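Numbering starts at 1 and runs along the sequence shown. These numbers come from a predicted model, not from an experiment.
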Amino acid sequence: MAEAGTQVKGIPDSKSVYTVDDEGFITVPKGDLPKDKAYENIAVEVKIDGEADFKSSATNTIVPAKMQVRLVINEEKTPTVGLFGTGEDQAKPCVNLWFKVQRKKLNTSGSGSWEGIPAALGNTQKTVKIYEYKDGVSNPTTVATHTQIEVADDGTGHNYGNCRVQIKRKFIYTDLKYLDKTKVADSDDYWGEYSAGAFRYARIGIEGCYGEAIMLQSYIKLLPAQFTPTISEMTRSELYGDGSTGGVDDLVNLTGTLDVSKVKKELFLASEYKKASKVGGLDVYEPVVGKIDEAGEIFKINFSSSTTSTNIIQSKVTIDGAFTARAVNYQSTVDLTNNSLANFYNLSLGNISGASGTLYLRVNGTYVTAPAGSENGIEIKVSSN
């Protein structure tokens, strides 16, 4: 073992001189390590402390190559269109992105294979940043940060099923009569002015993997979301019940129409993404765009017997906005937020309630301004037959 203070030079690809520490090692910064291959049993030049000249060492020096790391899409779980699951962002459209962090150790011939980051290394919980590109693939803006995401491979590959971030899809203004345009314009989630075919890219990045800052080796193509169309008319009819309880316990039939006149057909998406093109040498994952005119439904509307009920009755909403739901309690909850296609930025619809024998549906939401003096949001009258 070399004595402390001994100087060493001749590390491949490096012109630096290193000093042996008290434990007999030299520390070579990652930037000084060879990039193309590792070296074994080579001679370097050493100068013992106090001597004037460097001398060739024995051929027993091992120099590893710089570790290569990358951030890639988990190809077993391609991106999907979905909804944020918890908190204030619940039911807001997003793109689910599963990823892998991998390393490659080069051998003395310069070859190696990509593998997961071993958990035994420690410090494998990383911060993932989401970047949005509004102008081509330059000048990214950080739009979200997720901390404590475990990026190590668990040995079976199962951990990569949990390596996920959700990229929020921003919304466009659709001029629904219930929306307050001022509130929309002030939102950080507002896409801005929209024209047909408009899109943006997103990527994710991680710092601190073997000292490297790595970016996803793909772009995710983003299309804006739009607000859920609201109910323009609805009719209630008795299935049975004598009405003596004011309709509270009566089962009914509800039919109605959503106002789909503002729906942007070019934003009607399927639930999955596919690898479709390249930009700047990197793969682009694009959403599969659905043909809305051929769709049997644009989404589902949920009805339940109370605000706490788990007995959900789903009704298909057709392309013209029509829907029918049966066996629904008079004071039901109408839920437009958890549609299966996740293509809309959702408003919140309150309970249907009976007041003086008249049925109303109350529309609420962050971007809705109720009429002056109304504490219950905007009311849509439901007729009876």
Heavy-atom donor-acceptor pair, [X] side chain to [Y] backbone, under 3.5 Å:
{"X": "Arg200", "Y": "Trp191", "answer": "yes"}
{"X": "Thr6", "Y": "Glu3", "answer": "yes"}
{"X": "Tyr285", "Y": "Leu97", "answer": "no"}
{"X": "Lys183", "Y": "Val368", "answer": "yes"}
{"X": "Arg169", "Y": "Leu223", "answer": "yes"}
{"X": "Lys126", "Y": "Gly208", "answer": "yes"}
{"X": "Glu150", "Y": "Ala152", "answer": "yes"}

Counting C-beta onward and ignoring hydrogens, is there a side-chain heavy-atom pair between [X] and [Y] closer than 4.5 Å?
{"X": "Asp320", "Y": "Val260", "answer": "no"}
{"X": "Tyr160", "Y": "Trp98", "answer": "no"}
{"X": "Thr61", "Y": "Val63", "answer": "yes"}
{"X": "Val81", "Y": "Glu272", "answer": "no"}

Give a yes-or-no answer on whether the side chains of Asn96 and Thr80 include a donor-acceptor pair shorter than 3.5 Å. yes
Distance only, no hydrogens: is a donor on one side chain within 3.5 Å (strictly under) of an acceptor on the other, for Ser138 and Tyr133?
-> no
| said: Students often mix this up, so state it plainly: with edges at 30° and 60°, are the rings of Phe171 and Phe227 parallel, tilted or perpendicular? | reply: tilted
Salt-bridge criterion met for [X] and [Y] (N-O under 4.0 Å):
{"X": "Lys275", "Y": "Glu75", "answer": "yes"}
{"X": "Arg103", "Y": "Glu115", "answer": "yes"}
{"X": "Glu132", "Y": "Lys170", "answer": "yes"}

Minimal heavy-atom distance between Pro118 and Thr124, with the atoms involved, is O-CG2, 3.9 Å
When every non-hydrogen atom of Cys209 is compared with those of Val69, the smallest separation belongs to O-CG2, 3.8 Å
Counting only heavy atoms not in [X] (residues, nucleotides, ligands), do more than 12 fall under 6.0 Å from its [atom1]?
{"X": "Asp186", "atom1": "CG", "result": "yes"}
{"X": "Lys104", "atom1": "NZ", "result": "yes"}
{"X": "Lys30", "atom1": "NZ", "result": "yes"}

Determine whether Met215 and Tyr210 fall in the same hydrophobic cluster, where Ile, Leu, Val, Met, Phe, Trp and Tyr are linked whenever their side-chain heavy atoms lie under 4.5 Å apart.
yes
Only distances under 3.5 Å count here; give the side-chain donor-acceptor pairs of residues 32-55 to other protein atoms, sequence neighbours excluded, each with its distance to 0.1 Å.
{"from": "Asp32", "atom 1": "OD2", "to": "Tyr18", "atom 2": "OH", "distance (Å)": "2.8"}
{"from": "Lys35", "atom 1": "NZ", "to": "Gly31", "atom 2": "O", "distance (Å)": "3.2"}
{"from": "Lys47", "atom 1": "NZ", "to": "Gln7", "atom 2": "OE1", "distance (Å)": "3.3"}

Could you grab the distance from atom [atom1] of [X] to atom [atom2] of [Y], nearest 0.5 Å is fine?
{"X": "Ile172", "Y": "Tyr194", "atom1": "CD1", "atom2": "OH", "answer": "5.5 Å"}
{"X": "Gln102", "Y": "Gln68", "atom1": "CD", "atom2": "CD", "answer": "12.0 Å"}
{"X": "Leu222", "Y": "Ile167", "atom1": "CG", "atom2": "CD1", "answer": "6.0 Å"}

